[in-house]
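Structure, as structure tokens:
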Protein chains: 2
Amino acid sequence: MKLVEEKNPDTQRVLEIINEGLSKRAVITIMASCRVYYDGRAVSRLELGDRIIMIKSDGSFIIHQDRNLEPVNWQPPKTKVAADIYQGMVKIKGVRRNPHEKLEVEILNTHLASYFIGEDSESLELAGYEADMGDLIFKDPEVIEKGFRPTSREYHTTQGFIDILGKDQNGNLTILELKSRKAGTNAVKQLRRYVDCFSDHKEEVRGVLVAPSVTDDARELLEEQKMEFKALEPPRELGKDKVVTLESFFGRSSS
Amino acid sequence: MKLVEEKNPDTQRVLEIINEGLSKRAVITIMASCRVYYDGRAVSRLELGDRIIMIKSDGSFIIHQDRNLEPVNWQPPKTKVAADIYQGMVKIKGVRRNPHEKLEVEILNTHLASYFIGEDSESLELAGYEADMGDLIFKDPEVIEKGFRPTSREYHTTQGFIDILGKDQNGNLTILELKSRKAGTNAVKQLRRYVDCFSDHKEEVRGVLVAPSVTDDARELLEEQKMEFKALEPPRELGKDKVVTLESFFGRSSS
DNA sequence: GCATGCATTTCGTAC
DNA sequence: GTACGAAGTGCATGC
């Protein structure tokens, strides 16, 4: 771990710290009074104020105000960042192609300039999203209902991909639309379109919206359209690939 | 502007800086080796590594790794953040309700701890998104085509809201679907559904996708479905409410 | 407070 | 590289 930092550095020193940080592929953090200009997919301007500027080793370029979760301006990874002095101010420019975009920061006064090279080989383990629900349903189809058998995933139709296609215990084609969050009317409409893809089918085709909950509107629409809702929480187990549970060890052969 | 910062502070001093920063509603920035746990809409865990932790005065709580534009973990504004010492480590907890979520950082070693109170009364001026396109089309309908007259915006149908509804120079109902970015097949399908809402209409109903560009698939689909594409860039003028142009001053009355 | 839809969405993934 | 869809999406807006 290496850290360089300086309080109230002058213009020259700020430039030095930035350039050292860039060449060492460090994470640069600057607290400064600045203006910001962006031109790319959209165009923006931010007048003078105190902000936190962060440049990461992968080319991410982020500017935070003292409020809001989201940065006020930014550039994604792979942005080419460079700094120089222009009219007595440090100017940091980030440019990238595809799309062609430019982010420029004019620094008038720097409160703190720093860069640091840390160690972080870990990546986030995260559970609880739609794909996990699909995994769960394939592993244990009865979470949907007794006798349900999933047959395919991401089944292609003209209207898009059906999350899970299967048959119920009576052999009826059953279409599952998964949502990891509360589902709204859009999810119901999408499910409707999938069901309609099988309108020439002889037997009944069931449409089932699978989500932790639905909005009132969505529930109404489901009833109107003779479709169903099945409450299911996305599983939230971390490190499930590392842990051997009895169930995963013995599989479903014993049931 | 006030800034407090300390390199390699001990556990007690880190806690002090955090608590001072919190009570003064400053922006706290810490570079530290830490673990992160999140439990809320999903659940996550991040093992030991060097990261940048930021706590803003509005309760935004952000943790960055040395890579990626997006923070690895976060909590939105209005999160209640508090710190204490537990088993010799500084622990920062952020909790919020609705949804109920918790973010916890265990700090093992702090490289730099700081808080700062800046001045920033400016807000971002931004132009170039879908709403701007709509404004432009209402202000100058001929950007679509000669004789086009928009009649309503956000027109409600069972399939959702039509961006702009109007009539062409022949009096045919014309539905505009706006996209501020390159439009894909989904935009075409959506437009199709809007057009179908008027399938009982006597006269021709036109569907026009308005966007800076379309994907090849989308263009194909448009042709198949006898719908149209009109290339239009979202306007990118900043501060248009401040600048009085000749056009806006004289309006369209003279034309 | 909840529901809806845009976003400089970002990010992963399949093609 | 492009296209497509999910996201702990965030966020404004309308109700």
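Residue numbering restarts at 1 for every chain, and letters A, B, ... go by the order of the sequence lines.
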Protein-nucleotide distance (B/Gln159, atom CD; C/dG5, atom P), rounded to Å: 11 Å

Distance-only donor-acceptor check, side chains A/Ser60 and A/Asp58, under 3.5 Å: yes

Distance below 4.0 Å between A/Arg41 side-chain N/O and C/dA7 OP1 or OP2: no

Nearest to side-chain heavy atoms of A/Glu130, which nucleotide of D/dA7, D/dC11, D/dG8: D/dA7

Length of the line joining A/Leu178:CG and D/dA6:P, which is rounded to integer Å: 10 Å

Euclidean distance, atom CG of residue A/Asp58 to atom P of C/dT10 [Å, nearest integer]: 13 Å

Sugar-phosphate, base or nothing in reach of B/Pro77, heavy atoms under 4.0 Å: sugar-phosphate

Sugar-phosphate, base or nothing in reach of A/Pro99, heavy atoms under 4.0 Å: nothing

Pair assignment for C/dT8, Watson-Crick or G-U wobble, requiring both distances under 3.5 Å: none

Given C/dT8, D/dG8, C/dC11, the nucleotide with the shortest approach to the side chain of B/Pro76: D/dG8

Distance in angstrom units between B/Arg67 CZ and C/dC11 P, rounded: 13 Å

C1' atoms of D/dG14 and C/dT8, separation to the nearest Å: 25 Å

Length of the line joining A/Glu70:CD and D/dG8:C1', which is rounded to integer Å: 12 Å

Distance below 4.0 Å between B/Ser180 side-chain N/O and C/dA7 OP1 or OP2: yes

Over 12 foreign heavy atoms within 6.0 Å of CD, A/Glu154: yes

Sugar-phosphate, base or nothing in reach of A/Tyr38, heavy atoms under 4.0 Å: base

Enclosure of B/Asp216 CG (heavy-atom neighbours >12, cutoff 6.0 Å): no

B/Phe198 atom CZ, over 12 foreign heavy atoms within 6.0 Å: yes

Comparing B/Glu177 and A/Asp216 on DNA chain C - which has the more 5′ nearest nucleotide: A/Asp216

Between C/dT9 (P) and B/Arg181 (CZ): distance, integer Å: 4 Å

Between P of D/dC4 and CG of A/Asp163, the distance in whole Å: 17 Å

B/Arg67, CZ: over 12 other non-hydrogen atoms inside 6.0 angstrom: yes

CD-CD1 distance between A/Gln75 and A/Ile63, expressed to the nearest 0.5 angstrom: 9.0 Å

Sugar-phosphate only, base, or nothing, as touched by B/Asn186 at under 4.0 Å among non-hydrogen atoms: sugar-phosphate

Length of the line joining A/His156:NE2 and C/dA14:P, which is rounded to integer Å: 16 Å

Sugar-phosphate, base or nothing in reach of B/Ser44, heavy atoms under 4.0 Å: nothing

5' priority, DNA chain C, between A/Gly184 and B/Asn68 [closest heavy atom]: A/Gly184

Nucleotide nearest A/Trp74 when distance is taken to its side chain, options D/dC4, C/dT10, C/dC6: C/dT10

Touch class at under 4.0 angstrom, heavy-atom based, for A/Glu101 against every strand present: base

Phosphate OP1/OP2 of D/dT2 contacted by B/Thr215 side-chain N/O (<4.0 Å): no

Touch class at under 4.0 angstrom, heavy-atom based, for B/Asp217 against every strand present: sugar-phosphate

B/Arg219, CZ atom: more than 12 neighbouring heavy atoms under 6.0 Å: no

Minimum-distance nucleotide (side-chain atoms of A/Asn98 versus C/dC2, D/dG1, C/dT8): D/dG1

pi-stack flag for B/Tyr129 and C/dC6, centroid dist under 5.5 Å, interplanar under 30°: no

Closest nucleotide among D/dG8, C/dC6, C/dC11 to the B/Leu69 side chain: C/dC11

Sugar-phosphate only, base, or nothing, as touched by B/Pro71 at under 4.0 Å among non-hydrogen atoms: nothing

Nearest-angstrom distance, C1' atom, D/dA7 to D/dC11: 14 Å

